[in-house]
Amino acid sequence: MTDLPEGPAGLHQRVLTWYDDHARVLPWREPDASPWAVMVSEFMLQQTPVARVLPVFAAWMDTWPTPAGLAAASTGDAVRAWGRLGYPRRALRLHGAATAIVTEHGGEVPSSLEELRALPGVGDYTAAAVASFAFGQRHVVLDTNVRRVLARSLTGVEFPGASVTRAERDLATGLLPDDEPTAATWAVAVMELGALVCTAATPRCGSCPVSDLCAWQRAGMPAYDGPPRRGQAWAGTDRQCRGRLLGVLRDAHEPVHRSRLEAVWSDAVQRSRCLDSLVHDGLVARLSADTYALP
DNA sequence: AAACCGTGGTG
DNA sequence: TCACCAAGGTT
């Protein structure tokens, strides 16, 4: 399975010790951080770097310290508070999750993987992360950092594949410490190693606690030779157009006339399509034939 | 299953 | 400079 000279225990020990010495101090990792705080952080961290999440997270928790608080707010307030974190549909999903927590779970963030997974915006990763980080449970927490660490250290390739495979999940499962609290710490520790040392672009192998037993390292750090990892186009796309349109509404605190939306995107066909999609998504409200606002 | 969904920092 | 990338989820 893992083909480790010392067995998994050696790997655990090294990574856990490294984490003890190098873990970042983050608000959602404080001992008094609530499950709700952990959940909010996980939503915000989906595809958004820690540095940009920190200030928005602080303001968000100050405004809505509980799920009930957010559920009582309008979705428009949530979208505005989301600021420029990107992927604003996450703000709607977090609002939806808060609403479901109030109506179906008595206002308390549920602790079971199945109940978490059923909330809007919560997929396999986020459900496992909240169950593990907030409730100390033993689960495979497989994010992009963990996948990269396992790909390199155990599989011996520079990058993991496009999607999580059964073999990958089995590998991570076999690596999970038996003890529940240790498994929870292991989950966050491997993730942190991927975030700080085993990074995508320029890994700091000289500072890595497992570099001497890393399969990729021992193979001579062979360059990635899998299928091209396509980046996402941006200039001129609907995503850019939607971002511009929503930005106007987010920065305005009164309904906006369509002329102000026309001013930020010249292609009328695309602009109209994007505005319709924003309304369809619930990110924008059409107040009249020619005025718009956040919902 | 592949495409889509924002934004800004970085080497 | 400009691809690449960042604690994914949904369809």
Side-chain angles (χ1 to χ4, degrees), chain A residues 19 23-24 26-29 33 37-57 79 82-94 96-97 116-134 139-149 158-165 172 184 187-196 198-204 224 227-251 264-265 270 273-274 277-278 280-284:
Chain A
Y19 182 71
R24 289 169 291 182
L26 299 170
W28 46 87
R29 285 185 188 163
V38 173
M39 173 171 282
V40 169
S41 76
E42 289 304 334
F43 269 77
M44 292 185 173
L45 289 165
Q46 291 169 0
Q47 299 287 283
T48 303
V50 168
R52 282 176 39 214
V53 164
L54 285 170
V56 180
F57 172 84
V79 171
W82 195 257
R84 305 184 65 79
L85 287 182
Y87 292 144
R89 290 191 292 190
R90 289 182 293 165
L92 296 181
R93 293 178 185 142
L94 182 51
L116 287 165
R117 185 65 177 78
L119 297 171
V122 177
D124 289 337
Y125 162 75
T126 301
V130 173
S132 181
F133 305 157
H139 296 293
V140 170
V141 182
L142 213 48
D143 79 322
T144 186
N145 290 305
V146 177
R147 295 188 64 215
R148 191 173 52 249
V149 171
E158 187 176 14
F159 296 113
S163 55
V164 177
T165 63
V188 70
V190 183
M191 217 190 282
E192 190 78 337
L193 185 65
L196 298 182
C198 195
T199 54
T202 53
R204 300 157 173 76
Y224 176 79
R229 302 182 300 147
R230 59 163 81 63
Q232 299 174 328
W234 174 245
T237 61
D238 282 8
R239 293 163 69 201
Q240 184 185 29
C241 180
R242 284 165 55 105
R244 288 260 188 92
L245 296 173
L246 193 62
V248 171
L249 301 178
R250 189 171 52 224
D251 296 340
V264 300
W265 200 265
Q270 185 176 26
R273 177 175 70 238
C274 289
S277 74
L278 286 167
H280 179 265
D281 288 348
L283 284 165
V284 168

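The model shown is predicted, which means the values in this text are computed figures rather than measured ones. Heavy atoms only: backbone and side chains are in, while hydrogens, waters and symmetry mates are out. Each chain gets a letter, A, B and so on, in the order its sequence line appears, and its residues count up from 1.
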- So what does R52(A) touch, heavy atoms closer than 4.0 Å: a base, only the sugar-phosphate, or nothing? base

- Task: For H280(A) and dC4(B), give me the distance from atom NE2 to atom P, rounded to whole Å.
- Result: 17 Å

- Note on the structure: Ranking dG9(C), dC5(C), dA7(C) by distance to the side chain of L45(A), first place goes to dA7(C)

- Would you kindly compare W28(A) and L119(A) by the position of their nearest DNA chain C nucleotide and give the one closer to the 5′ end? W28(A)

- Presence of R242(A) side-chain N/O under 4.0 Å of dG6(B) phosphate oxygens OP1/OP2: yes

- Task: Starting from C1' on dG9(C), measure out to CG on L94(A) and report it in whole angstrom.
- Result: 13 Å

- So what does Q240(A) touch, heavy atoms closer than 4.0 Å: a base, only the sugar-phosphate, or nothing? nothing

- Report the distance from atom CD of E158(A) to atom C1' of dC5(C), rounded to the nearest whole Å. 13 Å

- Would you say R90(A) reaches dC5(B)'s phosphate, i.e. side-chain N/O to OP1/OP2 under 4.0 Å? no

- Taking dG6(B), dG9(C), dA7(C) as options, the one with an atom nearest any side-chain atom of T126(A) is dG9(C)

- Counting heavy atoms from C-beta on, name the nucleotide in dA7(C), dC5(B), dA6(C) closest to the side chain of M191(A). dA7(C)

- Base, sugar-phosphate alone, or nothing: which one does R148(A) contact when heavy atoms must sit under 4.0 Å apart? sugar-phosphate

- Item | Sugar-phosphate only, base, or nothing, as touched by D281(A) at under 4.0 Å among non-hydrogen atoms | nothing

- Note: for R84(A) and R93(A) on DNA chain B, the residue whose nearest nucleotide lies more 5' is R93(A)

- Item | Under 3.5 Å donor-acceptor, R90(A) side chain and Q46(A) backbone | yes

- Between dA2(B) and dA7(C), how far is it from one C1' atom to the other, in whole Å? 23 Å

- Item | Nearest-nucleotide comparison on DNA chain B, the residue closer to the 5′ end among G83(A) and T202(A) | G83(A)

- Message: Can you confirm whether V190(A) sits close enough to N145(A) that some side-chain heavy atom of one is under 4.5 Å from a side-chain heavy atom of the other?
- Response: no

- Length of the line joining R239(A):CZ and dT11(C):P, which is rounded to integer Å: 17 Å

- Message: I need the OH-C1' distance between Y224(A) and dC5(C), as an integer number of Å.
- Response: 14 Å

- Note on the structure: Closest of dA7(C), dG9(C), dT7(B) to the R250(A) side chain is dT7(B)

- Message: Over all strands shown, is S163(A) touching base, sugar-phosphate only, or nothing at heavy-atom distances under 4.0 angstrom?
- Response: nothing

- Query: E42(A) side chain: which of dA7(C), dC5(B), dT7(B) is closest?
  - Reply: dA7(C)

- Message: Does T237(A) reach a base, just sugar-phosphate, or nothing at all? Heavy atoms under 4.0 Å.
- Response: nothing

- Task: Could you tell me the separation between the CZ atom of R89(A) and the C1' atom of dC4(B), rounded to a whole number of Å?
- Result: 7 Å

- Message: Mind checking if W82(A) touches a base, just sugar-phosphate, or nothing, with heavy atoms under 4.0 Å?
- Response: nothing

- Message: Using OP1 and OP2 only, check whether a side-chain N or O of T48(A) sits under 4.0 Å from dG8(B).
- Response: no

- Got a donor-acceptor contact below 3.5 angstrom from the D281(A) side chain to the L283(A) backbone? no

- Message: Just the rounded figure in Å: distance from P of dC5(B) to CG of D238(A).
- Response: 5 Å

- Does a side-chain N-to-carboxylate-O contact under 4.0 Å join R29(A) and E192(A)? yes

- Message: We want to know whether Y87(A) and R239(A) form a side-chain donor-acceptor pair, criterion being a heavy-atom distance below 3.5 angstrom.
- Response: yes

- Message: Side-chain N or O of Q47(A) versus OP1/OP2 of dA6(C): is the shortest distance under 4.0 Å?
- Response: no

- Query: If you look at every strand shown and take non-hydrogen atoms under 4.0 Å, does L245(A) touch a base, only sugar-phosphate, or nothing?
  - Reply: nothing

- Message: Rounded to whole Å, please give me the gap between CG in L85(A) and P in dC5(B).
- Response: 19 Å

- To the nearest 0.5 angstrom, please state how far the CH2 atom of W265(A) sits from the SG atom of C241(A). 5.0 Å

- What is the nucleic acid contact for L246(A), judged by heavy atoms within less than 4.0 Å: base, sugar-phosphate only, or nothing? nothing

- Note on the structure: Rounded to the nearest 0.5 angstrom, the OG1-CH2 distance for T48(A) and W82(A) is 7.0 Å

- Task: Using a heavy-atom cut-off of under 4.0 Å over every strand shown, decide if A201(A) touches base, sugar-phosphate, or nothing.
- Result: nothing

